[in-house]
Protein chains: 2
Amino acid sequence: MKKIDILKKLRSSGLRPTKQRVEIAKFLFEREKTFHFTVESLNKLLTKKSASKIALATIYNTVHSFKTAGHLSEVEVRGNKTYFDTNVSNHHHFYDSETAELIDIDANDIIIQKIPKAPNGKKIKNVEVFINLKN
Amino acid sequence: MKKIDILKKLRSSGLRPTKQRVEIAKFLFEREKTFHFTVESLNKLLTKKSASKIALATIYNTVHSFKTAGHLSEVEVRGNKTYFDTNVSNHHHFYDSETAELIDIDANDIIIQKIPKAPNGKKIKNVEVFINLKN
DNA sequence: TTTCACTTTAGAATAATTATAAACTAGAAT
DNA sequence: ATTCTAGTTTATAATTATTCTAAAGTGAAA
């Protein structure tokens, strides 16, 4: 994803392309493979990579803006920290609790044959499968 | 589950049946249906129910002891608080984000037909399905 | 009944996240 | 170009969930 596209992506979601947002967006979206991170890990990586320090609060703000705009998804993982994923399509995850690492599973790689109906007046929003790993 | 069984349950897991543990265990395990809770909600319910106040730290300690002993399972839910479940068998969950409520799904009510193999040297520990609900 | 390892407890400490309010800035209006 | 302003960033304080600490309490073995 080129810089011009990053700017488009931001603008089209109503996000003013500030220096900080562009830097974070480039870091997150200019890559081939999907990327999983926590705010803490992202902060570390950005600090290492760049000269200009972005405030931690800004990273929180930006990540949440990107999530609201649909550019990131939040992954539920047991534990204290919140994980985010640059893959926003419908998919599933392996979770390796040894390394606290998430691995994407393509939606087509899991087929669910039988599923219960939603309770009283509720509808199914989505189905998430977690495959927990051990050594 | 009768009091005598509660005492047995505690002793057989190497947990000395103190006043606090017995009270919490009776509250959690003397019920027909499975029960989902956070430490916060459990604390409130216990405070309401009982005359003697149990320290919050004790509730944390006890819940973790029960989990380690296999009497409770921890449920991964997106969000800040940790959920526990008195159902320790293999099963799945509905999650209603409107009400922050968990509902058990029997393991037999979900059949997964196709599943990817675990990556490099890892094994599958278990598979958890979350069905997120909307109105 | 004494003893002691295990527990409980109140309060301090920690960690992740959110709130605050002042300083800054992208981009529209002049 | 310069001014203006709503949206943004920032440092810091506040909040929330959880864990730690160390002193006081207590089952139950001897």
Side-chain angles (χ1 to χ4, degrees), chain A residues 3-4 6-27 36-47 50-69 71-72 74-84 100, chain B residues 3-4 6-27 36-47 50-69 71-72 74-84 100:
Chain A
K3 178 158 184 186
I4 184 72
I6 293 280
L7 294 181
K8 241 185 238 167
K9 183 169 202 157
L10 292 176
R11 268 194 250 271
S12 68
S13 6
L15 296 169
R16 236 159 52 181
T18 62
K19 189 157 55 72
Q20 293 85 345
R21 282 179 181 157
V22 171
E23 183 174 334
I24 296 173
K26 290 183 69 170
F27 184 77
H36 297 102
F37 62 95
T38 64
V39 169
E40 189 200 20
S41 71
L42 178 59
N43 186 35
K44 272 191 193 148
L45 291 166
L46 286 172
T47 304
S50 153
S52 57
K53 165 80 177 157
I54 299 177
L56 185 58
T58 300
I59 298 181
Y60 274 100
N61 289 340
T62 304
V63 165
H64 282 128
S65 301
F66 288 179
K67 189 202 160 189
T68 301
H71 303 319
L72 290 174
E74 196 176 328
V75 186
E76 55 179 302
V77 173
R78 204 192 314 270
N80 35 345
K81 286 176 207 151
T82 303
Y83 281 70
F84 294 91
Chain B
K3 176 154 187 185
I4 184 72
I6 293 281
L7 294 181
K8 240 185 236 170
K9 184 169 203 157
L10 293 177
R11 267 194 250 271
S12 69
S13 4
L15 296 169
R16 238 162 47 183
T18 64
K19 188 157 56 74
Q20 293 84 344
R21 282 178 180 159
V22 171
E23 183 175 336
I24 296 173
K26 289 182 70 171
F27 184 77
H36 297 102
F37 62 96
T38 64
V39 169
E40 190 201 19
S41 70
L42 178 59
N43 186 33
K44 271 191 194 148
L45 290 168
L46 286 171
T47 303
S50 153
S52 56
K53 166 79 178 157
I54 299 177
L56 185 58
T58 300
I59 298 181
Y60 274 100
N61 289 341
T62 303
V63 165
H64 283 127
S65 300
F66 288 178
K67 189 202 159 188
T68 302
H71 304 317
L72 290 174
E74 196 177 329
V75 186
E76 57 178 303
V77 174
R78 202 192 316 269
N80 34 346
K81 287 177 207 152
T82 304
Y83 281 69
F84 294 90

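Protein chains get the first letters and strands the later ones, always in sequence-line order, with residue 1 at the start of each. All of these numbers come straight from a predicted model, not from anything done at the bench.
- Here His64(B) reaches the OP1 or OP2 of dT19(D): one of its side-chain N or O atoms lies under 4.0 Å away.
- Per the geometry, NZ belonging to Lys53(A) stands 19 Å off C1' belonging to dC24(C), to the nearest Å.
- Between Arg11(B) and Asn80(B), the one whose closest nucleotide on DNA chain D sits nearer the 5' end is Asn80(B).
- Taking only side-chain nitrogens and oxygens, Gln20(A) comes nearer than 4.0 Å to OP1 or OP2 of dT10(D).
- Position along DNA chain C of the nearest nucleotide to Arg16(B) versus Asn61(B) favours Arg16(B) as the more 5'-ward residue.
- For Ala55(A), whose side chain is taken as the heavy atoms from C-beta onward, the closest listed nucleotide among dT9(D), dA17(D), dA11(D) is dA11(D).
- Lys81(B) has its NZ atom 15 Å from the C1' atom of dA16(C), to the nearest Å.
- A straight line from CG of Leu10(B) to P of dC6(C) spans 17 Å, rounded to a whole angstrom.
- Rounded to an integer number of Å, the gap from CD of Glu23(A) to P of dA26(C) is 14 Å.
- With hydrogens and angles disregarded, no donor-acceptor distance shorter than 3.5 Å links the side chain of Ser41(B) to the backbone of Phe37(B).
- At distances below 3.5 Å, at least one donor-acceptor pair connects side-chain atoms of Ser65(A) with backbone N or O atoms of Asn61(A).
- As a whole-Å value, the separation of Tyr60(A) OH from dT12(D) P is 17 Å.
- If you check every strand for non-hydrogen atoms under 4.0 Å, Thr58(B) touches a base.
- Spacing between atom NZ of Lys67(B) and atom C1' of dT18(D) amounts to 14 Å, rounded to whole angstrom units.
- Note that the CD1 atom of Ile59(A) and the CG atom of Leu46(A) stand 5.0 Å from one another [nearest 0.5 Å].
- The residue among Leu56(A) and Ala57(B) whose nearest nucleotide of DNA chain D is located toward the 5' end is Leu56(A).
- Protein atom CD of Glu40(A) is 10 Å distant from nucleotide atom P of dA15(C), rounded to whole Å.
- When each of dT17(C), dT7(C), dT8(D) is scored by its nearest atom to the side-chain atoms of Arg21(B), the top-ranked nucleotide is dT7(C).
- In this structure, Leu7(B) and Val22(B) approach most closely via the heavy-atom pair CD2-CG2, 3.8 Å.
- Closest approach to the Val39(A) side chain among dA11(D), dT7(C), dT17(C) is made by dT17(C) (side chain taken as heavy atoms from C-beta onward).
- In this structure, Arg21(B) contributes its side chain and Arg16(B) its backbone to a donor-acceptor pair below 3.5 Å.
- Using a 4.0 Å heavy-atom cutoff across all strands shown, Thr82(A) reaches sugar-phosphate atoms only and no base atom.
- Taking atom CG of Asn43(B) as the reference point, atom P of dT18(D) lies 11 Å away to the nearest angstrom.
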